[in-house]
Amino acid sequence: MSTSQYQVPGGPVAAPTTTVAPESLTAAVDRLVTAHFSGVACAPVRDLIGRDDVAAAYAVQQGLNAAKVARGARVVGRKIGATSEAVQRQLGVDQPDFGVLFEDMAYEEGAVIPLSRLIQPKAEAEVAFVLGADLADGPLDAAQVRAAVAYAVAALEIVDSRITDWDISFADTVADNASSGVYVLGDQRRTLAELEPVDVTMSMSIDGEEVSTGTGAACLGDPLVAVAWLAHQARTFGEPLRAGQVVLSGALGPMRPIPPGATVTAAISGLGSVTAQFSVREDQP
């Protein structure tokens with residue numbers, strides 16, 4: 001994938017606007033909030049906000065996430081979605097998006113992730129970054145992004161959709177917090193002096209069977225380009241990236257569905273491996 005179309009512009013850009021009626025935005029938020037907290041998938045929201053209205057979709061996402069914060073959730077980072085062409089084909093979209101990571105989305109290796117908190121989960125492997133500095137001001141160029149990264153780790157992101165049967169358009173997945181679920185970080189930390197993210201290779205297995213492979217170059221051409229793109233988008237939408245936040249930079253290969261009781265492992269060169277385990281039945285902790 002070429003990086004050229006995702007290079008950030010040379011200065012701040014105004015946030016997009018929408019002509020979708022406020023009552024339609026509210027209805028879309030309400031639909032997703034109900035699905036999120038009930039664990040029951042809902043109809044797509046594109047009937048309310050359109051298929052491709054970026055501003056409307058992010059407005060709904062902000063409403064959904066505000067409902068989570070009102071119930072005590074704490075923001076700890078961001079995720080970038082649909083960064084690889086393979087995943088874009090799987091989802092039927094043609095551009096990346098971003099969402100918010102909350103504290104309760106993070107699981108330690110060895111913990112059993114209850115499928116009861118997910119609806120229709122799929123696993124993808126990626127490089128995660130932890131920021132040591134804000135990405136709020138300045139050009140947000142490659143040099144600034146590199147300097148802001150404290151370290152990189154291997155990550156498994158478990159994406160999920162509150163939309164029935166993953167029947168999504170671009171606006172649906174954006175509105176649904178970029179189809180976020182949960183995530184697990186590996187324990188091998190590498191600085192960018194020790195690792196070049198674009199050069200990594202990835203193999204993901206489920207119960208010992210390899211199901212997905214990829215490279216750093218599959219993530220918008222370079223995972224650091226993805227982070228720069230995110231930094232620009234986050235600032236444009238008024239919530240810039242901050243020191244200490246986790247950034248899931250996007251899949252390095254195709255995502256795969258997770259059967260009950262599965263063990264998912266991703267091995268990423270230079271970063272070691274990371275494993276996620278899942279409950280056998282959705283009603284088990």
Check step by step if side chain to side chain contact (heavy atoms under 4.5 Å, CB included) holds for Leu32 and Val45.
CA-CA 8 Å; Leu32 287 169; Val45 296; 4.0 Å; yes
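- Taking hydrophobic clusters as Ile, Leu, Val, Met, Phe, Trp and Tyr residues chained together by side-chain heavy-atom distances below 4.5 Å, Ile158 does not share a cluster with Val76.
- We find that Lys122 and Glu157 are not joined by a salt bridge, their nearest charged nitrogen and carboxylate oxygen being 4.0 Å or further apart.
- Side-chain contact between Arg256 and Ile206 is present, with heavy atoms from C-beta onward closer than 4.5 Å.
- Taking each heavy atom of Arg189 and Val153 in turn, the nearest pair found is CG-CG1, 3.8 Å.
- Here Leu230 contributes atom CG and Ile80 contributes atom CD1; the two are 4.5 Å apart, rounded to the nearest 0.5 Å.
- Lys68 is listed as a side-chain neighbour of Asn177, based on a closest heavy-atom distance under 4.5 Å.
- In this structure, CZ in Arg117 is found 8.5 Å from CD1 in Ile113, a value given to the nearest 0.5 Å.
- Annotation: side chain of Leu135 is not in contact with side chain of Pro240 (no heavy-atom distance under 4.5 Å).
- In terms of heavy-atom proximity, Cys219 sits nearest to Ala251 at CB-O, 4.0 Å.
- The side-chain tip of Arg71 points at the ring of Phe37 from less than 6.0 angstrom away and within 45° of straight on.
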Could you give me the CA-CA distance, side-chain angles and deciding distance for Val174 and Tyr58, then say whether side chain to side chain contact (heavy atoms under 4.5 Å, CB included) is met?
CA-CA 6 Å; Val174 169; Tyr58 280 111; 3.5 Å; yes
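- Heavy-atom minimum distance, Ile163 versus Ala43: CD1-O, 3.7 Å.
- Pairs engaging residues 102-141 under the ring-ring contact (aromatic ring centres under 6.0 Å, His included) rule: none recorded [sequence neighbours left out].
- With a 4.5 Å cut-off on side-chain heavy atoms, Trp166 and Val159 count as touching.
- When only modelled atom types and interatomic distance are considered, Arg190 and Gln188 share a side-chain donor-acceptor pair under 3.5 Å.
- Annotation for Asp160 and Leu118: closest pair OD2-CA, 3.3 Å, computed over non-hydrogen atoms.
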Could you go step by step and tell me if Arg78 and Glu239 meet the salt bridge (charged side-chain N to carboxylate O under 4.0 Å, His left out) rule?
CA-CA 10 Å; Arg78 301 293 179 84; Glu239 296 178 344; 3.7 Å; yes
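- At a threshold of 4.5 Å between non-hydrogen side-chain atoms, the residues Leu224 and Leu192 count as touching.
- In summary, the side chains of Asp167 and Thr164 do not present any donor paired with an acceptor at a separation below 3.5 Å, with no hydrogens or angles considered.
- Annotation: side chain of Thr213 is not in contact with side chain of Thr201 (no heavy-atom distance under 4.5 Å).
- Considering all non-hydrogen atoms of both residues, Ala56 and Ile49 come closest at CB-CB, 4.0 Å.
- Under 3.5 Å, the side chains of Thr263 and Gln277 contain no donor-acceptor pair of N or O atoms.
- The two residues Gly138 and Gln144 have their closest heavy-atom pair at C-OE1, 3.7 Å.
- In this structure, Arg31 does not pair ionically with Asp176, as no charged nitrogen and carboxylate oxygen lie closer than 4.0 Å.
- Classification of the Phe98-Trp229 ring pair by plane angle, with boundaries at 30° and 60°, yields perpendicular.
- Using a 4.5 Å heavy-atom threshold, the side chains of Ser169 and Asp52 count as separate.
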Checking Leu241 against Leu131 for the side chain to side chain contact (heavy atoms under 4.5 Å, CB included) test, could you report, in this order, the C-alpha distance in whole Å, the side-chain angles of both residues, the deciding distance, and whether it holds?
CA-CA 8 Å; Leu241 302 179; Leu131 299 181; 3.7 Å; yes
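- Side chain to side chain, Thr265 and Ser273 fail the donor-acceptor criterion of an N or O pair below 3.5 Å.
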